[in-house]
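All figures in this text were calculated on a predicted structure; none of them were measured in a lab.
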Amino acid sequence: MSMATTAPTRRPRVNLAVVAPIVALIVLVLIGMALNPNFLSFANITNVLARSAFIGIIAIGMTFVITAGGLDLSVGSMAAFVAGLMILVMNMLTESMGGGLPVILIGIALALFTGLAAGFINGILITRAGIEAFILTLGTMGIYRSLVTWLADGGTLSLGYEMRELYRPVYYDGILGISWPIIVFAVLAILGEITMRHTAFGRHCAAIGSNEKVARYSSVAVLRVRLMTYVLLGTLVGIAVVMYVPRLGSASATTGLLWELEAIAAVIIGGTLLKGGFGRVWGTVVGVLILSLIGNLLNLTDFVSPYLNGAIQGVVIILAVVLQRNTGAAR
(Lines give C-alpha, C1' and ligand atoms only; values in the text may rest on other atoms or scores of the structure.)
Protein backbone atom coordinates (compact mmCIF):
# COMPACT_ATOMS: atom_id res chain seq x y z
CA MET A 1 0.00 0.00 0.00
CA SER A 2 1.65 3.17 -1.14
CA MET A 3 1.70 6.21 1.01
CA ALA A 4 1.10 9.55 -0.72
CA THR A 5 3.68 12.11 0.15
CA THR A 6 3.00 15.78 0.25
CA ALA A 7 5.58 18.47 -0.17
CA PRO A 8 6.17 20.57 2.95
CA THR A 9 4.39 23.89 2.81
CA ARG A 10 6.61 26.94 2.76
CA ARG A 11 5.97 29.72 5.15
CA PRO A 12 5.65 33.12 3.45
CA ARG A 13 8.87 35.05 3.76
CA VAL A 14 8.76 38.28 5.67
CA ASN A 15 9.85 41.09 3.39
CA LEU A 16 12.18 43.34 5.32
CA ALA A 17 11.61 46.24 2.93
CA VAL A 18 7.99 46.35 4.13
CA VAL A 19 8.52 45.55 7.78
CA ALA A 20 11.71 47.53 8.49
CA PRO A 21 10.23 51.07 8.28
CA ILE A 22 7.33 50.13 10.53
CA VAL A 23 9.64 48.43 13.04
CA ALA A 24 11.95 51.45 12.99
CA LEU A 25 9.02 53.76 13.69
CA ILE A 26 7.85 51.60 16.61
CA VAL A 27 11.38 51.46 18.03
CA LEU A 28 11.70 55.25 17.86
CA VAL A 29 8.38 55.66 19.68
CA LEU A 30 9.49 53.24 22.40
CA ILE A 31 12.83 55.02 22.78
CA GLY A 32 11.06 58.35 23.01
CA MET A 33 8.71 57.05 25.69
CA ALA A 34 11.65 55.73 27.69
CA LEU A 35 13.74 58.91 27.44
CA ASN A 36 11.06 61.54 27.96
CA PRO A 37 7.63 61.15 29.58
CA ASN A 38 6.27 64.02 27.49
CA PHE A 39 7.19 62.37 24.21
CA LEU A 40 3.71 60.97 23.55
CA SER A 41 1.88 64.00 24.87
CA PHE A 42 -0.79 65.38 22.56
CA ALA A 43 1.05 68.71 22.32
CA ASN A 44 4.35 67.12 21.27
CA ILE A 45 2.83 64.70 18.78
CA THR A 46 0.72 67.35 17.08
CA ASN A 47 3.72 69.69 17.00
CA VAL A 48 5.85 67.02 15.31
CA LEU A 49 3.12 66.21 12.80
CA ALA A 50 2.45 69.87 11.97
CA ARG A 51 6.12 70.60 11.39
CA SER A 52 6.57 67.49 9.25
CA ALA A 53 3.44 68.15 7.17
CA PHE A 54 5.30 70.44 4.74
CA ILE A 55 7.93 67.83 3.91
CA GLY A 56 5.25 65.14 3.92
CA ILE A 57 3.06 66.90 1.37
CA ILE A 58 6.04 67.40 -0.93
CA ALA A 59 7.24 63.83 -0.37
CA ILE A 60 3.89 62.47 -1.59
CA GLY A 61 4.51 64.12 -4.96
CA MET A 62 8.14 63.01 -4.92
CA THR A 63 6.94 59.42 -4.53
CA PHE A 64 5.23 59.57 -7.92
CA VAL A 65 8.22 61.25 -9.58
CA ILE A 66 10.70 58.67 -8.27
CA THR A 67 8.36 55.75 -8.97
CA ALA A 68 8.26 56.87 -12.62
CA GLY A 69 12.06 56.90 -12.72
CA GLY A 70 12.51 60.65 -12.22
CA LEU A 71 14.02 62.96 -9.62
CA ASP A 72 13.53 66.57 -8.55
CA LEU A 73 16.21 68.43 -6.61
CA SER A 74 14.53 71.81 -6.96
CA VAL A 75 11.51 71.48 -4.65
CA GLY A 76 13.10 73.24 -1.65
CA SER A 77 14.19 76.22 -3.74
CA MET A 78 10.86 76.14 -5.56
CA ALA A 79 9.05 76.38 -2.22
CA ALA A 80 11.18 79.37 -1.23
CA PHE A 81 10.45 81.13 -4.53
CA VAL A 82 6.72 80.42 -4.37
CA ALA A 83 6.57 81.65 -0.77
CA GLY A 84 8.54 84.80 -1.58
CA LEU A 85 6.41 85.64 -4.61
CA MET A 86 3.23 84.95 -2.66
CA ILE A 87 4.25 87.28 0.18
CA LEU A 88 5.42 90.01 -2.19
CA VAL A 89 2.15 90.00 -4.15
CA MET A 90 0.02 89.87 -0.99
CA ASN A 91 1.85 92.90 0.42
CA MET A 92 1.31 94.81 -2.84
CA LEU A 93 -2.38 93.90 -2.91
CA THR A 94 -2.78 94.94 0.72
CA GLU A 95 -1.64 98.46 -0.21
CA SER A 96 -4.10 98.70 -3.11
CA MET A 97 -7.03 96.61 -1.79
CA GLY A 98 -6.70 97.22 1.92
CA GLY A 99 -6.11 93.57 2.82
CA GLY A 100 -8.77 91.13 3.93
CA LEU A 101 -9.83 87.66 2.84
CA PRO A 102 -9.70 88.40 -0.94
CA VAL A 103 -5.96 89.09 -0.65
CA ILE A 104 -5.41 85.76 1.11
CA LEU A 105 -7.43 83.89 -1.50
CA ILE A 106 -5.46 85.53 -4.31
CA GLY A 107 -2.22 84.65 -2.53
CA ILE A 108 -3.29 81.01 -2.18
CA ALA A 109 -4.33 80.83 -5.84
CA LEU A 110 -1.00 82.38 -6.86
CA ALA A 111 0.97 79.85 -4.80
CA LEU A 112 -0.89 76.91 -6.32
CA PHE A 113 -0.55 78.25 -9.87
CA THR A 114 3.15 79.11 -9.46
CA GLY A 115 3.91 75.67 -8.02
CA LEU A 116 2.02 74.00 -10.86
CA ALA A 117 3.80 76.16 -13.45
CA ALA A 118 7.23 75.46 -11.94
CA GLY A 119 6.51 71.73 -11.98
CA PHE A 120 5.32 71.98 -15.57
CA ILE A 121 8.51 73.77 -16.60
CA ASN A 122 10.64 71.07 -15.00
CA GLY A 123 8.54 68.33 -16.56
CA ILE A 124 8.37 69.77 -20.06
CA LEU A 125 12.12 70.36 -20.23
CA ILE A 126 12.79 66.82 -19.02
CA THR A 127 10.27 65.10 -21.28
CA ARG A 128 10.38 67.26 -24.41
CA ALA A 129 13.87 68.74 -24.40
CA GLY A 130 15.37 65.47 -23.20
CA ILE A 131 17.41 67.00 -20.39
CA GLU A 132 18.43 64.59 -17.65
CA ALA A 133 16.23 65.12 -14.57
CA PHE A 134 19.21 65.35 -12.20
CA ILE A 135 20.92 68.05 -14.27
CA LEU A 136 17.74 69.99 -15.07
CA THR A 137 16.44 70.17 -11.51
CA LEU A 138 19.91 70.93 -10.19
CA GLY A 139 19.86 73.94 -12.50
CA THR A 140 16.35 75.07 -11.58
CA MET A 141 17.25 74.63 -7.91
CA GLY A 142 19.85 77.37 -8.32
CA ILE A 143 17.50 79.52 -10.41
CA TYR A 144 14.63 79.45 -7.90
CA ARG A 145 16.96 80.10 -4.97
CA SER A 146 18.52 83.06 -6.77
CA LEU A 147 15.11 84.46 -7.69
CA VAL A 148 13.85 84.50 -4.11
CA THR A 149 17.13 86.11 -2.99
CA TRP A 150 16.62 88.76 -5.66
CA LEU A 151 12.98 89.33 -4.70
CA ALA A 152 14.05 89.78 -1.07
CA ASP A 153 17.02 91.98 -2.08
CA GLY A 154 19.28 89.64 -0.15
CA GLY A 155 17.18 89.87 3.00
CA THR A 156 13.78 88.59 4.12
CA LEU A 157 10.33 89.10 2.68
CA SER A 158 7.84 89.51 5.52
CA LEU A 159 4.06 89.48 5.31
CA GLY A 160 2.39 92.61 6.71
CA TYR A 161 1.30 92.35 10.35
CA GLU A 162 -2.45 92.59 9.70
CA MET A 163 -2.36 90.01 6.93
CA ARG A 164 -0.16 87.75 9.03
CA GLU A 165 -2.65 87.79 11.89
CA LEU A 166 -5.53 87.11 9.49
CA TYR A 167 -3.65 84.26 7.81
CA ARG A 168 -2.33 82.60 11.00
CA PRO A 169 -5.36 80.30 11.53
CA VAL A 170 -4.46 78.36 8.36
CA TYR A 171 -1.51 76.91 10.28
CA TYR A 172 -2.46 77.22 13.94
CA ASP A 173 -6.19 76.41 13.85
CA GLY A 174 -7.86 73.15 12.94
CA ILE A 175 -10.40 70.59 14.13
CA LEU A 176 -10.40 69.13 17.66
CA GLY A 177 -6.90 70.44 18.30
CA ILE A 178 -5.51 68.95 15.09
CA SER A 179 -4.08 71.73 12.92
CA TRP A 180 -4.95 72.18 9.27
CA PRO A 181 -1.48 71.15 7.95
CA ILE A 182 -1.88 67.74 9.63
CA ILE A 183 -5.38 67.32 8.23
CA VAL A 184 -4.31 68.34 4.71
CA PHE A 185 -1.29 66.01 4.88
CA ALA A 186 -3.48 63.09 5.99
CA VAL A 187 -6.07 63.69 3.27
CA LEU A 188 -3.42 64.01 0.55
CA ALA A 189 -1.66 60.87 1.79
CA ILE A 190 -4.89 58.87 1.55
CA LEU A 191 -5.62 60.23 -1.93
CA GLY A 192 -2.02 59.59 -2.97
CA GLU A 193 -2.10 55.96 -1.81
CA ILE A 194 -5.40 55.37 -3.61
CA THR A 195 -4.00 56.96 -6.77
CA MET A 196 -0.81 54.91 -6.63
CA ARG A 197 -2.56 51.61 -5.96
CA HIS A 198 -5.91 51.81 -7.72
CA THR A 199 -5.64 54.10 -10.76
CA ALA A 200 -4.14 53.79 -14.21
CA PHE A 201 -1.89 56.78 -13.48
CA GLY A 202 -0.27 55.00 -10.53
CA ARG A 203 0.18 51.78 -12.48
CA HIS A 204 1.64 53.68 -15.42
CA CYS A 205 4.14 55.44 -13.14
CA ALA A 206 5.35 52.06 -11.88
CA ALA A 207 5.47 50.64 -15.41
CA ILE A 208 7.54 53.54 -16.73
CA GLY A 209 9.98 53.38 -13.83
CA SER A 210 10.32 49.62 -14.16
CA ASN A 211 10.94 49.48 -17.91
CA GLU A 212 10.24 52.50 -20.09
CA LYS A 213 10.53 50.58 -23.38
CA VAL A 214 8.05 47.93 -22.31
CA ALA A 215 5.71 50.68 -21.09
CA ARG A 216 5.83 52.31 -24.54
CA TYR A 217 5.06 48.99 -26.22
CA SER A 218 2.12 48.64 -23.82
CA SER A 219 0.64 51.91 -25.15
CA VAL A 220 1.49 53.92 -22.03
CA ALA A 221 1.84 57.64 -22.80
CA VAL A 222 5.29 57.79 -21.21
CA LEU A 223 6.06 61.46 -21.78
CA ARG A 224 2.63 62.65 -20.68
CA VAL A 225 2.61 60.53 -17.51
CA ARG A 226 6.11 61.60 -16.56
CA LEU A 227 5.18 65.25 -17.19
CA MET A 228 2.12 64.83 -14.96
CA THR A 229 4.28 63.55 -12.10
CA TYR A 230 6.29 66.79 -12.11
CA VAL A 231 3.14 68.90 -12.41
CA LEU A 232 1.66 67.00 -9.45
CA LEU A 233 4.82 67.54 -7.43
CA GLY A 234 4.89 71.27 -8.22
CA THR A 235 1.23 71.62 -7.23
CA LEU A 236 1.92 69.89 -3.92
CA VAL A 237 4.84 72.25 -3.33
CA GLY A 238 2.32 75.08 -3.75
CA ILE A 239 -0.02 73.46 -1.22
CA ALA A 240 2.86 73.03 1.23
CA VAL A 241 3.73 76.72 0.86
CA VAL A 242 0.10 77.71 1.50
CA MET A 243 0.37 75.83 4.81
CA TYR A 244 3.88 77.10 5.59
CA VAL A 245 3.63 80.87 5.06
CA PRO A 246 1.18 81.55 7.95
CA ARG A 247 3.58 79.78 10.33
CA LEU A 248 6.40 82.32 10.07
CA GLY A 249 4.96 84.91 7.71
CA SER A 250 8.27 85.33 5.92
CA ALA A 251 10.51 83.93 3.21
CA SER A 252 14.21 84.27 2.51
CA ALA A 253 17.08 82.56 0.71
CA THR A 254 17.18 79.92 3.46
CA THR A 255 13.49 79.01 3.27
CA GLY A 256 13.02 75.38 2.24
CA LEU A 257 16.74 74.68 2.53
CA LEU A 258 17.39 70.92 2.08
CA TRP A 259 13.67 70.16 1.84
CA GLU A 260 14.37 68.26 -1.37
CA LEU A 261 16.81 65.95 0.41
CA GLU A 262 14.40 65.33 3.29
CA ALA A 263 11.58 64.56 0.86
CA ILE A 264 13.73 62.16 -1.16
CA ALA A 265 14.99 60.56 2.06
CA ALA A 266 11.44 60.00 3.31
CA VAL A 267 10.47 58.38 0.01
CA ILE A 268 13.46 56.02 0.03
CA ILE A 269 13.13 55.13 3.72
CA GLY A 270 9.48 54.32 3.07
CA GLY A 271 10.43 51.65 0.54
CA THR A 272 10.02 53.34 -2.85
CA LEU A 273 12.77 52.17 -5.18
CA LEU A 274 15.24 54.94 -6.00
CA LYS A 275 15.69 53.52 -9.50
CA GLY A 276 11.92 53.62 -10.05
CA GLY A 277 9.37 50.92 -10.80
CA PHE A 278 7.79 50.61 -7.37
CA GLY A 279 6.43 53.14 -4.91
CA ARG A 280 4.14 53.31 -1.93
CA VAL A 281 2.74 56.51 -0.45
CA TRP A 282 1.95 54.96 2.93
CA GLY A 283 5.63 54.03 3.21
CA THR A 284 6.57 57.63 2.44
CA VAL A 285 4.36 58.78 5.31
CA VAL A 286 6.19 56.36 7.61
CA GLY A 287 9.51 57.71 6.30
CA VAL A 288 8.45 61.28 7.04
CA LEU A 289 7.48 60.30 10.59
CA ILE A 290 10.78 58.50 11.14
CA LEU A 291 12.83 61.53 10.11
CA SER A 292 10.64 63.86 12.17
CA LEU A 293 10.82 61.69 15.29
CA ILE A 294 14.60 61.46 15.05
CA GLY A 295 14.85 65.25 15.13
CA ASN A 296 12.25 65.49 17.89
CA LEU A 297 14.06 62.93 20.07
CA LEU A 298 17.32 64.82 19.75
CA ASN A 299 15.60 68.03 20.84
CA LEU A 300 13.83 66.42 23.81
CA THR A 301 16.84 64.58 25.23
CA ASP A 302 20.48 65.29 26.02
CA PHE A 303 21.51 61.80 24.97
CA VAL A 304 22.84 62.96 21.59
CA SER A 305 23.51 66.48 20.37
CA PRO A 306 20.75 67.83 18.09
CA TYR A 307 23.53 69.03 15.79
CA LEU A 308 23.98 65.38 14.79
CA ASN A 309 20.44 65.19 13.39
CA GLY A 310 21.67 65.29 9.80
CA ALA A 311 24.29 62.60 10.47
CA ILE A 312 21.75 60.24 12.02
CA GLN A 313 19.30 60.83 9.20
CA GLY A 314 22.11 60.11 6.74
CA VAL A 315 22.81 56.76 8.41
CA VAL A 316 19.10 55.87 8.24
CA ILE A 317 19.00 56.73 4.52
CA ILE A 318 22.06 54.59 3.78
CA LEU A 319 20.58 51.67 5.72
CA ALA A 320 17.33 52.01 3.78
CA VAL A 321 19.15 51.87 0.44
CA VAL A 322 21.23 48.87 1.56
CA LEU A 323 18.04 47.13 2.65
CA GLN A 324 16.47 47.79 -0.74
CA ARG A 325 19.48 46.36 -2.58
CA ASN A 326 19.52 43.22 -0.44
CA THR A 327 15.81 42.48 -0.38
CA GLY A 328 14.54 44.02 -3.62
CA ALA A 329 11.61 45.95 -2.06
CA ALA A 330 8.20 44.37 -1.80
CA ARG A 331 5.92 44.41 -4.76
Trainee: Does a side-chain heavy-atom distance below 4.5 Å link Thr67 with Met196?
Mentor: yes
Trainee: Between atom CZ of Arg164 and atom CD1 of Ile87, what is the distance when rounded to the nearest 0.5 Å?
Mentor: 8.5 Å
Trainee: Per the salt bridge (charged side-chain N to carboxylate O under 4.0 Å, His left out) rule, what does the pair list look like for residues 182-193, sequence neighbours excluded?
Mentor: Glu193-Arg197
Trainee: Is the ring centre of Phe54 less than 6.0 Å from the ring centre of Phe185?
Mentor: no
Trainee: Set out, in order, the CA-CA distance, both residues' side-chain angles and the distance that settles side chain to side chain donor-acceptor pair (under 3.5 Å) for Thr63 and Thr284, then state yes or no.
Mentor: CA-CA 7 Å; Thr63 304; Thr284 296; 2.7 Å; yes
Trainee: Could you tell me whether the side chain of Thr255 and the main chain of Ala251 form a donor-acceptor pair under 3.5 Å?
Mentor: no
Trainee: Sequence neighbours left out, what passes side chain to side chain contact (heavy atoms under 4.5 Å, CB included) with Leu112? Give chain and number order.
Mentor: Ile108, Ile239, Val242
Trainee: Taking C-beta and beyond as the side chain, do Pro181 and Tyr171 meet within less than 4.5 Å on heavy atoms?
Mentor: yes
Trainee: Residues two or more places apart in sequence or in another chain: which of them pass ring pair (Phe, Tyr, Trp, His ring centres under 6.0 Å) with Tyr144?
Mentor: Phe81
Trainee: Taking Thr114 for its side chain and Ala111 for its backbone only, find out whether a donor-acceptor pair lies under 3.5 Å.
Mentor: no
Trainee: Side chain of Ser77, backbone of Met141: donor and acceptor closer than 3.5 Å?
Mentor: yes
Trainee: Going by side chain to side chain contact (heavy atoms under 4.5 Å, CB included), name the residues that satisfy it together with Met97, two or more places apart in sequence or in a different chain.
Mentor: Leu93, Pro102, Val103, Ile106
Trainee: Quick one, Ser252 with Thr254, criterion side chain to side chain donor-acceptor pair (under 3.5 Å). Give me CA distance, side-chain angles, the key distance, then yes/no.
Mentor: CA-CA 5 Å; Ser252 67; Thr254 59; 3.0 Å; yes
Trainee: So, does Ser41 use its side chain to make a donor-acceptor pair with the main chain of Asn38 at under 3.5 Å?
Mentor: yes
Trainee: Taking salt bridge (charged side-chain N to carboxylate O under 4.0 Å, His left out) as the test, write out the residues that go with Arg216, two or more places apart.
Mentor: Glu212
Trainee: Going by heavy atoms in the side chains, are Ser74 and Asn122 under 4.5 Å from each other?
Mentor: yes
Trainee: If you round to the nearest 0.5 Å, how far is CD1 of Ile45 from CZ of Phe39?
Mentor: 5.0 Å
Trainee: With side chain to side chain contact (heavy atoms under 4.5 Å, CB included) as the test, pick out the partner of Ile264 among Asp72, Ile58, Leu71, Val65.
Mentor: Leu71
Trainee: Under the salt bridge (charged side-chain N to carboxylate O under 4.0 Å, His left out) definition, can you give me all pairs with a residue in residues 31-60, not counting sequence neighbours?
Mentor: none
